[in-house]
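The structure under discussion appears below in the form of structure tokens.
Chain identifiers are assigned alphabetically (A, B, ...) following the order of the sequence lines, protein sequences preceding nucleic acid strands; residue numbering begins at 1 within each chain.
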Amino acid sequence: MSEESKESKKLQRRDFLAGLATVPVIGLFGAALMHQLAHDHYRNRLIGADLTLDQLASADDDYLRDLDGDPLRLGIIGSGSRGMNILESLGFSEKDAGNRSYGDLRIRLAGVCDVYDQAAERAMAVSGFNAFSRPASPLPKARRYTRYQEMLDDKEIDAVIIATPDHWHARMIMDAAAAGKHVYAEKCLTRTIEEVIQIKQALQRCNIVFQYGHQNRQQLSFHVARKMIAQNILGKITLLKTHTYRNTTRGAFNRHLDRKIDPGQVDWQQWLGDTPFYPFSPSRYFGWQKFFEYSGGLPAHMFSHEYDAINQVFDLGIPRSVMAMGGIYYWKDDRNTPDVFQAVFEYPERELLLTYDANLANTSTGEYESGAKVKEIVGSDAWMKLGLHITVFPDKHSEKFKSRIEQGVIEPNAPLLSFIPGMKENSIQAVTSASQKMYAGSGLISTYRNGKEVDVTYLHLREWLEGIRTGKPVSGTFQTAFEDAVTCHMATLSYREKRRVDWDVVKECVL
Amino acid sequence: MENKEITSTRGQLIALTALRVLIGWHLLYEGIVKVLNPDWSAAGFLRDSGWILSGFFHWIAATPGVLRVVDALNACGLTLIGAGLMLGLFTRASMLAGIVLILFYYLAAPPLTGLYYNFPAEGNYLIVNKTLLEAASLAVLLCFPAAARIGLDRLFFRGRK
């Protein structure tokens, strides 16, 4: 063998060794990966078996289906900012936006009633087109009514949406029901408990479909939380904590500062209704939530959302008693409702307390998570952060998880389970990897349902419209509205009368 | 003619190869975790983006079709780049692709003064973070031919030398 070929062979061997030198690392990596996956699988299986997670998730694509039947003719009473949001959710727009693909609701906006000319014209302008109707074609423009009674007398209207300030709700709901119009009523149901009782009696005499405008009834995370709670994942639940923390001018209901309004365009006398006379005030008109004359203040306007979410999960009903305190400590403006508020709601039969704390000058608590305030459900084995997502944290002294904690399968006080609506298969998962824990802990993953974000207000209105057409039950029943309004007003009453307020279940009145 | 090949000591060769394999290990695991988790999405990270490119990253997060493509590219890209670095296969291309990908992560959420993220960092950073260091390490490897000398490329592309 020549020296050259010897050298060449040596080179080949060196190339071969150098070429494969790092391949064993792949083997090492594979072994470490398998060990990690086996650990995750074991952990998932154990936690899953403990909690029977796979039965909880569900997905629903029904919102894509077109509704059947003749077009329903809707009227809207109150086309301010919330009213316009509702019309937008129903698909009404000035021209074909062409970018949404929800099912056709088979509706027409036939009537608009608002005391403010500009608000009424804005609603009439969007009545000419519906983004979800198939085939897409221009619709007749809505008629304007200056008094809601005229709309209710009109046989061309089948159903009404009430989105006025709260002090008008009771009369409008009762009159609409008496006129045989189906009702979608925004929260809060009324301004007082007496009005709630009056509506209850009025609706018993009528056969209409009533939907309470808490659109978060459609929130998948609340449905799943209900199932999780039913499975006793958290142990004995003794405390439910809800919050409203805001720190902006608009968040404090000073909504007139950046708007211009011509008093000549407003039927102010009609807007005031049966409340004491007050000269026209943009602050009252746009920020009526600040005044007890027109609303129940923070409980009725903000706690109502929190309560209804909790009530969906727990069927709490009306508390035995409520105590509340608060004051106007920050916003030294014309308001007479508190900007700092705390209330405790007692449920002795359920052996738990519901608490609510609100502050309009700070945002430290109950952080927003993709648009929803986070509530905390506290149990003896674990606690749950409930927003649009769900995260469950095990308690380090849990009896249920004691052995799993000792085995190292469950890490105390780190996220244990997470549910993110809209992720593939809407799955509930044991939280395993470090990055998953960070995501779950910070509530960052986007909310999609089968790849699409779905508007809950659309779903809620759709449920109402389907209920009218087919008799299918709605989720925002009057009973839920009744419980919501009474609970909120008990807190307001406690604050205003500086006393503990008890509820008499039999007589349906406060003591 | 001057021989331009840079000779390396055994220590340099081992250190550069080890650095390459370690970065490969990290990227490969990040990629495989994403490939194995059907629910994984970059949406949350992208939505949290700050600085001048945030508009672009927010747009990706808000556009389901684009997001799906980005998620798939991300998971597969990390896996392939990681495997490439570890095995020394398509080594220089893997280094280059790794730098680009990692710089995207950096640019999506750079730790600059005045920028705050919901997503918690696992350390304290000012302008320089571990992401940037990993990209810089790959850039160093790219500049040293010795970093690509050990690996499958040596077998497959021997004839082209």
message: Determine whether A:Phe29 and B:Val21 satisfy the following criterion, side chain to side chain contact (heavy atoms under 4.5 Å, CB included), listing intermediate values before the conclusion.
response: CA-CA 11 Å; A:Phe29 177 87; B:Val21 169; over 6 Å; no
Heavy-atom side-chain contact between B:Leu28 and A:Leu33 under 4.5 Å: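 No, their side chains stay 4.5 Å or more apart.
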query: Would you say the side chain of A:Gln36 lies within less than 4.5 Å of the side chain of B:Tyr29, judging by non-hydrogen atoms?
result: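 Touching, per the 4.5 Å side-chain cut-off.
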message: Determine whether a donor-acceptor pair (N or O, by modelled atom type, separation under 3.5 Å) exists between the side chain of A:Thr22 and the backbone of B:Gly151.
response: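 Not at all, since once roles are kept as given, no pair shorter than 3.5 Å links the two residues.
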- request: Could you tell me which of B:Leu89, B:Thr17, B:Leu87 has the largest number of non-hydrogen atom pairs under 4.5 Å with chain A?
  value: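 Among the listed options, the one with the most contacts to chain A is B:Leu87.
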- prompt: So which part of B:Leu13 gets closer than 4.5 Å to some heavy atom of chain A, the side chain, the backbone, both or neither?
  reply: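 B:Leu13 has no heavy atom closer than 4.5 Å to chain A.
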field: Over 12 foreign heavy atoms within 6.0 Å of CZ, B:Phe90
entry: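 Open.
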query: Does B:Tyr105 OH have over 12 foreign heavy atoms under 6.0 Å away?
result: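 Yes, the 6.0 Å shell around OH holds more than 12 heavy atoms from other groups.
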- prompt: Where is the tightest heavy-atom contact between B:Arg149 and A:Ala18, given as atom of each residue plus distance?
  reply: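 So the two residues come closest at O-CB, 4.4 Å.
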- prompt: If you measure from CG on A:Leu17 to CG on B:Leu155, what distance do you get to the nearest 0.5 Å?
  reply: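 The distance works out to 9.5 Å.
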message: Using heavy-atom distances under 4.5 Å, tell me whether A:Ile26 contacts chain B through its side chain, its backbone, both, or neither.
response: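 Contact with chain B is through both the backbone and side chain of A:Ile26.
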